Amino acid sequence: MHPSPILYRSHIKALSTRYDTALAAHRFDGVLIGAGLPVPVFRDDQELPYRAEPLFLQWAPLTAHPGSAILYRPGHRPVLLVLEAEDYWYQAAALPSGAWRRQFDIRIVPRRDRIRGHLRTTGRRLALLGDPQQWQGLDLPGTINPPALLTHLDYERAHKTPWEVACIEEATKLALAGHRAVARAFAAGCSEFEMGLVFLAACGQADHELPYPAIVAANRNGATLHYQHRSRRQLPGKTRHSLLLDAGCSHAGYASDITRTHAARRGEFASMIRGLDQAQQRLCARVVPGVAFPDLQLAAHHEIAQLLSDWDLVHLSPEEMVDERVTDAFLPHGLGHLLGLQVHDVGGGLASAGGGELPRPARFPRLRLTRPLAAGMVVTIEPGIYFIDSLLAGLKKKRRLARHVRWRELARLRQFGGIRIEDNVLVTPKGHRNLTREAETPS
Ligand code: GLY
Ligand code: MN
Ligand code: MN
């Protein structure tokens, strides 16, 4: 495990304090957090790739130990119950080596039904967190996923410890190696499928280890925001226009989430990418504690409007374009989200640890982050501008606005799909650090 053991030790200390407060507030004596189980395939004897429960991963970097659990009681060392069933069909993953182990009382359990025996000394009020499937048939005493406790933990999870930030930085370095390799593969005329393989090889991660399926979208496919296919068709010479690569890696369960867009050649689209990149950097510069993310979202629409004007695609003032929602046809997604153990990390809409939702603005119903920014949060800043047929068709129907749009130019740009630039930004007490750019161009 890369990031420093000292950071990890302080992380466990901070996490324990956080749990002490949360458990006291909700009147629990302890908590058992399950790592989860793989999901079986219907009427088959196989399982879908396993994903560990994020609440479990926040304590221990065990990404491949389904059925394991952590028992934490305030004032006690956390107990790590590692499931190591005797099995000659499958091999149990080795426990990662390293100083992290010192933070735990580690006990090996040969069967899931042995977990109960380790709870004997626990008080009466135990919370059982994670996918309840794991507890089925075990007759454990406790309350499964008490909503108020989960809300409290979800809210707090937005504040990353230095160890968590270091893990995201590791995940960033890995992903950037993949991005560099894919940029070369694109220039060489590889297919989306081949570029997907190049990304995995350069990062040293398997598909199921990535925090989300990589989006490898050539040409028009960039207009599908979460494009999920991988065409096998190679893209030689003139057939190659653009590539949108939205791909991150994992480290100890923590994600990076990075998008870069490439033009096949110099000229119009390359300069449009530079324009959006500069706009994205201006938006990143506004990341400081206290900023309401919906305000940044609106600022992103103003940036997009200015670009549409600079590129001579819409003949309205940028203010009119935003007010009349012309920009919504070009930027139909949120500017960003919390990032951490999940790529779209939890708690982005919570008003406080006690609960309550900060509603999404009516104008931006897809915005996943409505909380004011605070030091320790890691967010993505990912403006985009796309040429999406269905949205442009909707704009065309609004005759009053449509007559200001240069449709012929837009029709020509469809071949490029779209542009998205996405960085991962840490909010600091006085401003921010752009973790992606720092790793891309180390000083
Ligand atoms: N990769 C998904 C997203 O950018 O939110
Ligand atoms: Mn992304
Ligand atoms: Mn994202």
Side-chain angles (χ1 to χ4, degrees), residues 51 54 157-158 160 168-169 171-176 178-179 182-183 192 195-196 199-200 203 205 207-218 221-230 242-251 253-262 273 276-277 279-281 283-284 287 293-294 296-297 300 304 330-349 360 364-371 373 377-386 388 417-427 432 434-437 439-440:
R51 265 196 193 281
R157 205 159 102 193
K160 267 60 182 180
I168 295 172
E169 290 185 274
T172 300
K173 281 185 216 153
L174 285 174
L176 287 174
H179 274 264
V182 169
E192 291 172 347
M195 289 189 275
F199 183 79
L200 296 175
C203 304
Q205 301 212 326
D207 240 328
H208 71 269
E209 292 172 318
L210 302 183
Y212 59 93
I215 298 164
V216 190
N221 296 332
T224 302
L225 302 179
H226 282 174
Y227 172 74
Q228 74 279 38
H229 306 294
R230 302 273 164 83
S242 62
L243 175 72
L244 187 156
L245 176 67
D246 182 346
C249 283
S250 296
H251 180 84
Y254 288 84
S256 58
D257 178 10
I258 301 169
T259 309
R260 293 290 179 262
T261 307
H262 302 277
I273 293 174
L276 185 69
D277 189 66
Q280 192 261 7
Q281 290 291 282
L283 292 166
C284 289
V287 172
F293 209 73
L296 282 188
Q297 175 79 19
I304 297 306
F330 295 90
L331 171 57
H333 61 69
L335 175 67
H337 49 84
L338 292 171
L339 177 72
L341 288 159
Q342 284 164 264
V343 63
H344 297 152
D345 217 5
V346 291
R360 297 175 176 197
F364 305 120
R366 296 216 170 77
L367 193 59
R368 291 187 174 93
L369 179 52
T370 46
R371 278 167 78 166
L373 296 182
M377 287 182 178
V378 179
V379 299
T380 65
I381 298 292
E382 48 178 308
I385 189 158
Y386 310 89
I388 301 172
I419 311 170
R420 178 160 67 250
I421 309 283
E422 176 174 26
D423 288 342
N424 305 155
V425 181
L426 167 70
V427 187
H432 70 273
N434 187 326
L435 305 179
T436 315
R437 302 281 166 149
E440 208 166 34

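When reading the values below, keep in mind they use all heavy atoms of this one structure, side chains included, and skip hydrogens, waters and symmetry mates. When a ligand or atom number is given, it counts from 1 through the structure's own listing order. What you see is a predicted model; the values in this text were computed from it and never measured.
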| request: Quick one: list whatever passes salt bridge (Lys or Arg N to Asp or Glu O under 4.0 Å) with Glu169, sequence neighbours left out. | output: Arg433
| message | Looking only at side-chain N and O atoms, does Asp246 offer a donor or acceptor that is under 3.5 Å from a partner on Tyr227? | response | no
| Results of ring-ring contact (aromatic ring centres under 6.0 Å, His included) for His344 - residues two or more places apart only | His337
| said: Given 3.5 Å as the limit, does a donor-acceptor pair link the side chain of Arg420 with the main chain of Leu225, or not? | reply: yes
| message | Run Tyr386 and His333 through ring pair (Phe, Tyr, Trp, His ring centres under 6.0 Å) and show every step you take. | response | CA-CA 10 Å; Tyr386 310 89; His333 61 69; 5.4 Å; yes
| OG on Ser256 to CD1 on Ile168, rounded to 0.5 Å | 9.0 Å
| field | Number of protein N, O or S atoms [distance to the Mn ion (ligand 3) under 2.8 Å] | value | 4
| request: Identify, chain by chain and in numerical order, each protein residue with a heavy atom under 4.0 Å from an atom of ligand 1. | output: Tyr212, His226, Asp246, Asp257, His337, His344, Glu382, Glu422
| field | Heavy-atom check, side chain of Asp257 versus side chain of Glu382, under 4.5 Å | value | yes
| said: Do Leu243 and Val182 have side chains that approach each other closer than 4.5 Å (heavy atoms only, starting at C-beta)? | reply: yes
| Do Arg260 and Asp423 meet the salt-bridge criterion of a basic N to acidic O distance under 4.0 Å? | yes
